[in-house]
Structure formats: C-alpha cells, structure tokens
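Hydrogens, waters and symmetry mates are skipped; everything else that's a heavy atom, side chains included, is used.
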Amino acid sequence: MDAEELAERLRSNDPAVGLRAVSALHRLAEQVETASVALAREQGWSWEQIGDALGVSRQSVHAKYGK
C-alpha cells in the first residue's frame, strides 16, 4: 500500500477500512523504528540517547532492541 492509498483509507467513513489503515501505520512505524535504532547503534548512540529520542526509558529501548 502506497502513501496515497493509505491516506485515502485513513479518511474513509468505514471503520473497518480506517482500522486496517491504522494497523498498516503501526507496522510501518515499527519497521522505521527498528531501522533507526539499528542505525543509531551503528553510529555509536547510547541506549539513553535512543530512549530520549523515542520518548521512552533507556531500559525499555534496550529490552526491545538490545542483544
């Protein structure tokens, strides 16, 4: 689903269509977050810096992405 189609679905008056679009946004956000965290770690960012950027604690971001 491209951005234009997603935007159209978000404007739908059909709750089922809108909720599926929200689900797609959640999946996309998770993918972007995962890639961004990996990039930040590759560039030497601390878990605290990443947590601050995401608005969460360093412990929660480390628990989610730390290996």
Audit row: Leu10, Val17, side chain to side chain contact (heavy atoms under 4.5 Å, CB included) steps and yes/no: CA-CA 7 Å; Leu10 287 168; Val17 172; over 6 Å; no
Same cluster (ILVMFWY, side-chain, under 4.5 Å), Trp47 and Val56: yes
From CG (Asp14) to CG (Leu19), nearest 0.5 Å: 9.0 Å
Approximate separation, where rounding is to 0.5 Å, of Ile50 CD1 and Gln43 CD: 10.0 Å
Heavy-atom pair with the smallest gap, counting every atom of Gln49 and Gly44: OE1-O, 4.2 Å
Donor-acceptor contact present, side-chain Glu30 to main-chain Arg27, <3.5 Å: no
Worked verdict on Val61 versus Lys64 for side chain to side chain contact (heavy atoms under 4.5 Å, CB included): CA-CA 5 Å; Val61 76; Lys64 186 173 182 179; 5.6 Å; no
Over 12 non-hydrogen atoms of neighbours within 6.0 angstrom of CD in Gln59: yes
Over all atoms of both residues, closest heavy-atom pair of Leu6 and Ala24: CD1-CB, 4.2 Å
Separation of His62 NE2 from Glu48 CD (nearest 0.5 Å): 13.0 Å
Backbone N/O of Trp45 and side chain of Arg41: donor-acceptor pair under 3.5 Å: yes
